[in-house]
Structure formats: structure tokens, C-alpha cells
2 protein chains.
Amino acid sequence: MSRREKTRQTGQESLRDSVLGGDLIFLLARANALTLAAANAVLAQHGLKARSYSVLALAADDARPTQRELAEFLRLDPSQVVALVDGLEKRQLIERRTDPADRRANVLVATDAGRDLFAQAQESARAVELGLLATVTPEDHERLAELLRLLAFPD
Amino acid sequence: MSRREKTRQTGQESLRDSVLGGDLIFLLARANALTLAAANAVLAQHGLKARSYSVLALAADDARPTQRELAEFLRLDPSQVVALVDGLEKRQLIERRTDPADRRANVLVATDAGRDLFAQAQESARAVELGLLATVTPEDHERLAELLRLLAFPD
DNA sequence: CATGAATCGTTGAAAATGTCAATTATTTGT
DNA sequence: ACAAATAATTGACATTTTCAACGATTCATG
């Protein structure tokens, strides 16, 4: 054992007992960083990231969102949505259809291949989520989702 | 009212009822984006961001963390910590002290000015956190923090 | 106690993300 | 009919992330 670990009163483990350990904003940031990394790692098997997975999910869900709705929902700049949609469309997973009710807008629709891929990716995503919360009761899992919804959609 | 809103069955409001609305990873990302933005907005009054606030918090807390411990705790690359510490040190809010037990490492300590600024910033941060969870009971607030700790520190 | 392997902070470069202003096509309000 | 507003796109620019390399120091092992 190193001299350092013998002498130091406080190590990295104790940092979580500092003020930040009770700081919701910090906890949210760290929890997000870890879960995002886990999600990206498993989604990479399907050639997706959390971002493209989200776009594909909404297109496959028959919500028929416009790019602007997507941008707002995912908290992205509209120009970032262009790039994401470009990528998925090039892979023939989704299509842009000009909204007949507003020909300025594009409505996004998943192709059959897109739906297939999403179904697979969704299983992986679910597995990650369950793995992350393996130590928690289903009730607490749902309670967490409920509370996060409050933060994510403050009406 | 536009033709569009009259005809479309699904708008941006309904997106949250889609698959993603139950996706913990997405909810975390969106909740994090919103709270981070709120925190950054108010911390800007003190010349801080969430990142620099976190570094200052840990330095002011007498945890005497090394830069490496900070990097791990905040999930940052060590080189990003260098930049953050540079900024705070230039403003005389914290100091680098070479750890006598390991002369490769720098231990971070807050100056008196740093502690003062942190005390002020902390009040702002607390106010933001309470504002974000204003609609929630203190018990649920604590429950949320507890569940996030599980995700943020999976031991 | 000498020496090779590992670790800490730092630098710099490259890639990915985020932000913003301008443009075209279309729609809205009057 | 016409001015103002909105959707998507492009391109420029800043910020953030990621990675490899380096000098200084410490560690593990013989």
C-alpha cells in the first residue's frame, strides 16, 4: 500500500460525502454521464448512439414528428437534427416526407428496416436500463421515472 | 388556429407519450439538459458554470482532492481539469499545492475569496434546485436524490 | 538500491457538439 | 395582396470531448 493512501484522510471515495453529494444538479449530471456511456456502448452494436436512437424511436412510433418538434423535444438545435436525419435517411432507416398540411415542414417516418432495427435496439436499451437499476425495486424504478418526468417536462 | 394544428392528430405535446417518455436514459438526458441550463444561467452571476462550481465546491470543502480525483469524480478528462483549475486559480479562488505525500500530484485548496464566492454561489444553486422541484414534497425530493445516487455511484 | 513499469499533471491536435446568423420556401395574419 | 413569421438548411464559429505524447515522480520487483 502506498504511503499516500495510508496518510491521506480523504480520498476520492470521500468526495461523494462532500457538498456535491447532495447536489441534485451534480447527481443528475453524473448519473446522466454514466447511463449515457452505458447506452452508447450497447447501441453501438446497432450502429446507433443515444441521439440517433431517440430520433429513430420517435419516427418508428408513428408520432410523425416534424424536425422542429424533434429539435424541441430532444433539446437540440434544428441544425443538429438535420445532421441526425441525414444520417438515418442515408441508411434508409427513416424518410423525410413533406407535411401535406405545411409544405415547409418534414414529417419523419421510419421505414420497415428502421422499425426492425429499432425493435432490436430497444431491447438492448431496455436491458441497459434494467441493469443500471438492478438493485432497485420496480416501484422505485417507476418512481424515479415519474420524478424525472417532472424535471424533464416542467409544465 | 392553423390548419395544421386542427388536422394533426399528434403534435409535439404527444411526443412525450411515445416510447421515449418511459425511457429512463432519455428522461435523464432531458432533465439534465434543463437543470444544467438553469444552473448555468444563475451561476453566471458569479462568473461560474456548473463545472467550475463543482471544482470550487470540492476545493472549498476541505476534501483536498487531487486533480485526478476530481477528474474521476466529475467524469472529466484530466486535461479538462487542468483548464478548469487554471481558470479558477487565475481568479485566485483556488490554489494548487503539490501533495507532500506524492510530489507528482496537486492538491486543490480554496482561498478565502474562493470560499466566500462559493458560499454565495451555493445559495443560488440551492435556490435553483428548490425551484426546479417546487411541485414536489421534501420526501420525494430526497427520494429522487437517493435514487440518482444509486445511478451516479454504482458500487 | 537499481531499474523498468506505472501514475500525475500538462500540452497540443483532432473529432464531436453546440450555438448562431443568413437563406429559401412556404404559410400566416391583416 | 403583402408583410411578418416559421421550417429546414447551410456554413461559420466556439466549446467540449477524446486521445496520444511528454517530463517528473513514485511504485514494484528483483
Side-chain angles (χ1 to χ4, degrees), chain A residues 1-8 11-12 29-30 32-34 36-37 40-41 43-44 48-52 54-55 64-90 94-108, chain B residues 1-8 11-12 29-30 32-34 36-37 40-41 44 48-52 54-55 59 64-90 94-108:
Chain A
M1 188 185 230
S2 76
R3 165 118 179 281
R4 179 119 193 289
E5 284 168 51
K6 269 193 279 188
T7 12
R8 291 248 307 168
Q12 56 223 35
R30 190 172 153 116
N32 180 52
L34 291 176
L36 203 61
N40 279 335
L43 287 174
L48 296 172
K49 297 186 182 187
R51 286 281 166 82
S52 41
S54 298
V55 173
R64 298 183 82 81
T66 66
Q67 293 184 202
R68 180 152 292 272
E69 288 166 344
L70 235 75
E72 202 173 316
F73 193 66
L74 301 178
R75 297 246 101 208
L76 297 175
D77 189 88
S79 61
Q80 293 181 271
V81 175
V82 172
L84 282 167
V85 171
D86 279 352
L88 292 172
E89 197 173 38
K90 212 155 291 170
I94 64 175
E95 281 177 10
R96 283 182 238 241
R97 302 221 183 124
T98 67
D99 186 341
D102 183 347
R103 307 214 327 283
R104 292 171 300 183
N106 291 335
V107 156
L108 300 184
Chain B
M1 189 183 230
S2 75
R3 163 119 179 281
R4 179 117 197 288
E5 285 169 49
K6 268 192 282 188
T7 16
R8 290 251 305 170
Q12 57 223 36
R30 190 173 153 115
N32 180 53
L34 291 176
L36 202 62
N40 279 334
L48 296 172
K49 298 186 183 185
R51 288 279 167 80
S52 40
S54 298
V55 173
R64 299 182 83 81
T66 67
Q67 295 184 201
R68 180 151 291 271
E69 287 166 343
L70 236 75
E72 202 174 315
F73 193 66
L74 301 177
R75 296 245 103 207
L76 297 175
D77 189 271
S79 61
Q80 294 181 271
V81 174
V82 171
L84 282 166
V85 170
D86 279 350
L88 291 171
E89 196 173 39
K90 213 156 289 170
I94 64 175
E95 281 176 9
R96 281 184 238 239
R97 304 224 182 121
T98 66
D99 186 341
D102 182 347
R103 307 211 330 283
R104 291 171 301 181
N106 291 335
V107 156
L108 300 183

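Treat the numbers as computed from the prediction; the structure is a model and nothing was measured. Per chain, numbering begins at 1; letters A, B, ... match sequence-line order.
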Open item on the list: One character per nucleotide, please: for nucleotides 15-21 of chain C, 5' to 3', B when the base has a protein heavy atom closer than 4.0 Å, S when only the sugar-phosphate does, - otherwise.
Closed with: --SBBB-
Open item on the list: For a side chain to side chain contact (heavy atoms under 4.5 Å, CB included) check, start with the C-alpha distance between A:V55 and A:L88, then their side-chain angles and the critical distance, and finish with the verdict.
Closed with: CA-CA 9 Å; A:V55 173; A:L88 292 172; 3.6 Å; yes
Length of the line joining [X]:[atom1] and [N]:[atom2], which is rounded to integer Å:
X	N	atom1	atom2	result
A:D99	C:dT27	CG	C1'	12 Å
A:N106	C:dT24	CG	P	18 Å
A:L108	D:dA8	CG	C1'	11 Å
B:L70	C:dC8	CG	P	13 Å
A:R103	C:dT28	CZ	C1'	15 Å
B:L74	D:dT16	CG	C1'	15 Å

Task: Considering all heavy atoms, the nearest A:A50-A:N40 contact - done: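 Residues A:A50 and A:N40, closest heavy atoms: N-OD1, 2.8 Å.
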Task: With A:R104 via side-chain contact (heavy atoms from CB on, under 4.5 Å) - residues at least two apart - done: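 Expected list: A:D102.
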To the nearest 0.5 Å, what is the distance between [atom1] ([X]) and [atom2] ([Y])?
X	Y	atom1	atom2	result
A:L70	A:N106	CG	CG	11.5 Å
B:K49	B:L36	NZ	CG	10.0 Å
A:N32	B:N32	CG	CG	4.0 Å

TODO: State, yes or no, whether a side-chain contact exists between A:L84 and A:R51 at a heavy-atom distance under 4.5 Å.
DONE: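 They are in side-chain contact.
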Open item on the list: Is it the case that the side chain of B:E69 and the backbone of B:T66 share a donor-acceptor pair, with hydrogens and angles ignored and the cut-off at 3.5 Å?
Closed with: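 Answer holds: yes.
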Open item on the list: Holding to side-chain hydrogen bond (donor to acceptor under 3.5 Å, both in side chains), I want the full list of residues that pass it with A:R96, two or more places apart in sequence or in another chain.
Closed with: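 With sequence neighbours excluded, A:R96 shows a side-chain hydrogen bond (donor to acceptor under 3.5 Å, both in side chains) to A:Q67, A:D86, A:E89, given in chain and number order.
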- [ ] Report the residues that fulfil side-chain hydrogen bond (donor to acceptor under 3.5 Å, both in side chains) with A:D77, sequence neighbours left out, ordered by chain and then residue number.
- [x]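 Counting only residues at least two positions away or on another chain, A:D77 forms a side-chain hydrogen bond (donor to acceptor under 3.5 Å, both in side chains) with A:S79.
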Could you run down the sub-3.5 Å N/O contacts of the protein with nucleotides 3-7 of chain C?
{"residue": "C:dT7", "atom": "O4'", "partner": "B:R104", "partner atom": "NH1", "Å": "3.3"}
{"residue": "C:dT7", "atom": "O2", "partner": "B:R104", "partner atom": "NH1", "Å": "2.5"}

- [ ] Enter the inter-axis angle for the ends of the helix from C:dC1-D:dG30 to C:dT30-D:dA1 (five pairs per end, rounded to 10°).
- [x]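 Inter-axis angle at the termini of the helix from C:dC1-D:dG30 to C:dT30-D:dA1: 40°.
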TODO: Determine, for B:F73 and A:R30, whether the Lys NZ or Arg CZ falls below 6.0 Å from the six-membered ring centre while staying within 45 degrees of the axis.
DONE: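 Yes, a cation-pi geometry holds between A:R30 and B:F73.
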